Amino acid sequence: MEESEKSSTENDPARPWQSYNTVYTIAKAGMEGVDKEKVQRIVYEMSKGSKYFENEEKKEVYMKQKIESMRAQLAKLTAVDISRYQKFADKRIVELEATRDLSRIWLHVDMDAFYAAVETLSDPSLKGKPMAVGSMSMISTANYEARKFGVRAAMPGFIARKLCPKLIFVPTDFKKYTYYSDLTRQVFQRYDPNFLAASLDEAYLDITNFCNEKGMTGAEVAEELRESVHKETGLTCSAGVAPNRLLAKVCSDINKPNGQFVLPNERMAVMTFISSLPIRKIGGIGKVTENILKGIFGITTCEEMLQKSNFICALFSRTSADFFLSVGLGLGRTDTPQVTQRKSMSNERTFSPTDDEALFLQKLVDLSENLASDLKKEGLCGRTLTLKLKTSCFEVRTRAVTLPDNICSSEDILKHATKLLKAELPASLRLMGLRMSHFNESKKGVASDPKQRTLSNFIVTEDASGRVSESNIYDDNTLSIDRETSFSSDAHAPCESFDFMDTHQMLDVDPTDKRHGRDEAETGVDNHDVVRDAANPPYPIGAGEVVVRDSSPGLLEETSLDLLGRVVSCTDEEPASLLNPKEPFFWLNDYQCSVCGIELPPSFVEERQEHFDFHLAERLQDEESNNLNRVLKPKQRFTHKDQVSESRQRKKQKASPSDGKHIPIDMFFAKTSQNF
DNA sequence: GGGAGAATTGCTG
DNA sequence: TTCCACAGCAATTCTCCC
């Protein structure tokens, strides 16, 4: 269809589904002959009116606003600006061209409909029938028979069934897929001992040495490798051979399934190949980036990246622009990256939308335990804990806290996660997740800086000598040295980072894979236990409870509250030094702070506790430093912190898409710079 | 005001 | 009835300190 004709029908109000591209894409192999209009209509009708659909519409609106905004920026460029950017772009293109390396031969192997093929091997009766691996909620893979109906990965099962009523669902079985994946990797290893596994069903091989040693061409090696895979696993795969990884991946998709495509290591061949290649075929360019490039510049092919290079340089960041120009030149990575260390670990669970806070807490307990368990398996501890929430309207929120020291115990994770969650309640949620990052780092310098405080760090602890000292609620300074020395620095030394496609191989860590597996013995000791001891919270935390302190006048009890701040139990005794401040501290009329006068209603349990701790810490600090004459102006300081907290709250509310948040331009291109 | 670090969001596979 | 899980990374914004 001609472009003009296509765009006119896409705006047809009688066919609203034509602009709804949430799931369907022609980019997927095996879907070339699908009736796109029919599939789009069914997907649209099945989705219309749902919360998911509404959220997708919101996202669509933001994207259009962004395109308009960038178009406006573009329109403001003067002739002088354009000329200046053209010079800059030309220079950059020359510099990038100079990095071109045609000396390597890369092969990308992609197993055909891997999960579905494995399931068919296990149950041959599935052969020839439309089948999908997954559930009514989500499909992981569909076989080629199902793809003829428009069924594809990342599509909800209930829509897939509507598209193909005879569709057979098979639940995922990762043990099975891992087994077959290992078999394929045994083959890959023979061709490149340092191959890069991108996922269970994809790998990059540098076959340069193999070709030279055997006197074979890339095409011959690809042919032989595919035959070996089929012979040893019963599964078929497709291959792409090219001078770099980016192009090899594109090539492997061309003759799918069970085929291969070879791009010669010649500049002219590469430029010809890339000239008409749709940008969406490039790894790293997804729906959003495609729409932006098309919407602003009319770019649909890689070649056009170069034609619009001046505008690209004018509107995008250096990294994004470099990526786009590299795509236009057909450049990609040719090196074999070093093994890198995992940067984060997370787990998340989707559930039926609910506002049941008891359920949230239980989910948080489960997530904390799972995360702690996973961390322990790899001997990791982290400093930054991120809580991810998805509301029943599909709005995703993340809330993070960075601690001065590493944590990894489920108790610590739960403690901090609960704090993060409480600040978001009440809420109706459908997903909760926890992510740990900043592994095995320490931030002593900053954290121990008494001048650098946060609202929540005025907590008083007592060390082994009985000396009371101020420490951060997130800090466990007394054992920090032990903790630091308990790790093998080698085991966690940062390694050279590499591109996105390469990092993916690291995600599928195979303990038997010497390139990716981590020997737990590397870490030497059971760090988990060390840290758990070290990180004993100043106040004991009971499972499923958030422990806070009630600051009733003259009687400071430790009280366990649920997420709403309701009292559920009273537990441990308070250290004497904390229980006996020299001056009474209480809430006037159960509302107003007797020290600084700030008003905090009884329902602000956590805030009142922090406020109390703040005053107490100040007092003890004064006593310790024998500087009783120092005027702390607590009200000012607290007010400032309070304002900070409030401002953050306001920011959070503002950040809600429903409040019209403005998405930064380059967030659309966050990923794009990683693939070349 | 500038720099560093943290928090947050979004894209991508 | 029903739209995943996970990880990496870029960019922006905010906060705090000097």
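Naming convention: chains lettered A, B, ... in sequence-line order (proteins, then strands); numbering from 1 in each chain. Remember, it's a predicted structure, so these values are computed and weren't measured experimentally.
In this model, the phosphate group of C:dG8 is approached by a side-chain N or O of A:Ser344 to a distance below 4.0 Å at OP1 or OP2. Residue A:Ser320 has a polar side-chain atom (N or O) positioned under 4.0 Å from OP1 or OP2 of C:dA11. Considering only side-chain N and O atoms, A:Ser346 lies under 4.0 angstrom from the phosphate OP1 or OP2 of C:dA7. Between A:Thr350 and C:dA5 there is a side-chain N or O to OP1 or OP2 distance below 4.0 Å. For A:Thr398 and B:dT9, the shortest distance from a side-chain N or O to OP1 or OP2 is below 4.0 Å. Residue A:Arg349 places none of its side-chain N or O atoms closer than 4.0 Å to OP1 or OP2 of C:dC4. Neither OP1 nor OP2 of C:dG8 sits under 4.0 Å from any side-chain N or O of A:Arg342. Contact annotation: A:Lys287 side-chain N/O to B:dC11 OP1/OP2 distance is not under 4.0 Å. The phosphate of C:dA5 has neither OP1 nor OP2 within less than 4.0 Å of any side-chain N or O from A:Lys390. For C:dC4, neither phosphate oxygen OP1 nor OP2 lies less than 4.0 angstrom from any side-chain nitrogen or oxygen of A:Ser140. Applying the 4.0 Å criterion to OP1 and OP2 of C:dA11, one finds that A:Thr319 has a side-chain N or O inside that range.
Regarding A:Leu367, its CG atom lies at a distance of 12 Å from the C1' atom of C:dA5, rounded to whole Å. Taking atom CD of A:Glu202 as the reference point, atom P of C:dC6 lies 20 Å away to the nearest angstrom. A:His438 has its NE2 atom 15 Å from the C1' atom of C:dA7, to the nearest Å. Distance NZ (A:Lys48) to C1' (C:dT1): 19 Å, rounded to an integer number of Å. A:Lys66 places its NZ atom 10 Å from the P atom of C:dT12, with the value rounded to the nearest Å. Between the CZ atom of A:Phe158 and the C1' atom of C:dC3 there is a distance of 6 Å, given to the nearest Å. Taking atom CG on A:Asp322 and atom P on C:dA10, their separation rounds to 12 Å, with Å as the unit. Between the CZ atom of A:Phe394 and the P atom of B:dC11 there is a distance of 16 Å, given to the nearest Å.
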Stepwise side chain to side chain contact (heavy atoms under 4.5 Å, CB included) check, A:Thr350 with A:Arg430 | CA-CA 6 Å; A:Thr350 295; A:Arg430 58 174 299 116; 4.0 Å; yes
Would you check, one step at a time, whether the test side-chain hydrogen bond (donor to acceptor under 3.5 Å, both in side chains) holds for A:Asp253 with A:Ser238?
-> CA-CA 7 Å; A:Asp253 197 52; A:Ser238 300; over 6 Å; no
Going through the checks in order, is the salt bridge (Lys or Arg N to Asp or Glu O under 4.0 Å) test met by A:Lys175 and A:Asp173?
-> CA-CA 6 Å; A:Lys175 269 188 183 172; A:Asp173 181 352; over 6 Å; no
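Backbone-only contact: A:Leu431 has heavy atoms under 4.0 Å from sugar-phosphate atoms and none from a base.
Place A:Met136 and A:Arg435 on DNA chain C by their nearest nucleotides, and A:Met136 ends up nearer the 5' end. Where A:Met345 and A:Met138 each meet DNA chain C at their nearest nucleotide, the meeting point lying more 5' is that of A:Met138.
Annotation for A:Ser50 and A:Ser47: closest pair OG-O, 2.7 Å, computed over non-hydrogen atoms.
Of the candidate nucleotides B:dA7, C:dC3, B:dT9, B:dA7 has the atom lying nearest to any side-chain atom of A:Val401. Here the side chain of A:Thr402 is nearest to one of B:dT9, C:dC6, B:dA7, namely B:dA7. Side chain of A:Lys343, nearest nucleotide from C:dG8, C:dC4, B:dA7: C:dG8. Taking every side-chain heavy atom of A:Val288 into account, B:dT12 is the closest of C:dC4, C:dG8, B:dT12. In this structure, the nucleotide among B:dA7, B:dG13, C:dC3 sitting nearest to the side chain of A:Arg430 is C:dC3.
Residues satisfying the side-chain hydrogen bond (donor to acceptor under 3.5 Å, both in side chains) criterion with A:Ser392, sequence neighbours excluded, are A:Ser428.
Looking only at side-chain heavy atoms (C-beta outward), A:Ser252 and A:Lys256 stay at 4.5 Å or farther from each other. Proximity of A:Leu167 to A:Phe149: side-chain heavy atoms (C-beta onward) are nowhere separated by under 4.5 Å.
The side chain to side chain contact (heavy atoms under 4.5 Å, CB included) with A:Tyr62 is formed by just one residue from the set A:Lys58, A:Lys64, A:Glu60; it is A:Lys58.
Taking the six-membered ring where tryptophan is involved, the planes of A:Phe174 and A:Tyr115 are perpendicular, since the angle between them exceeds 60° and thus also 30°.
Taking the screw axis at each terminus of the helix from B:dG1-C:dC18 to B:dG13-C:dC6 from five consecutive base pairs, the angle between the two is 10° to within rounding of 10 degrees.
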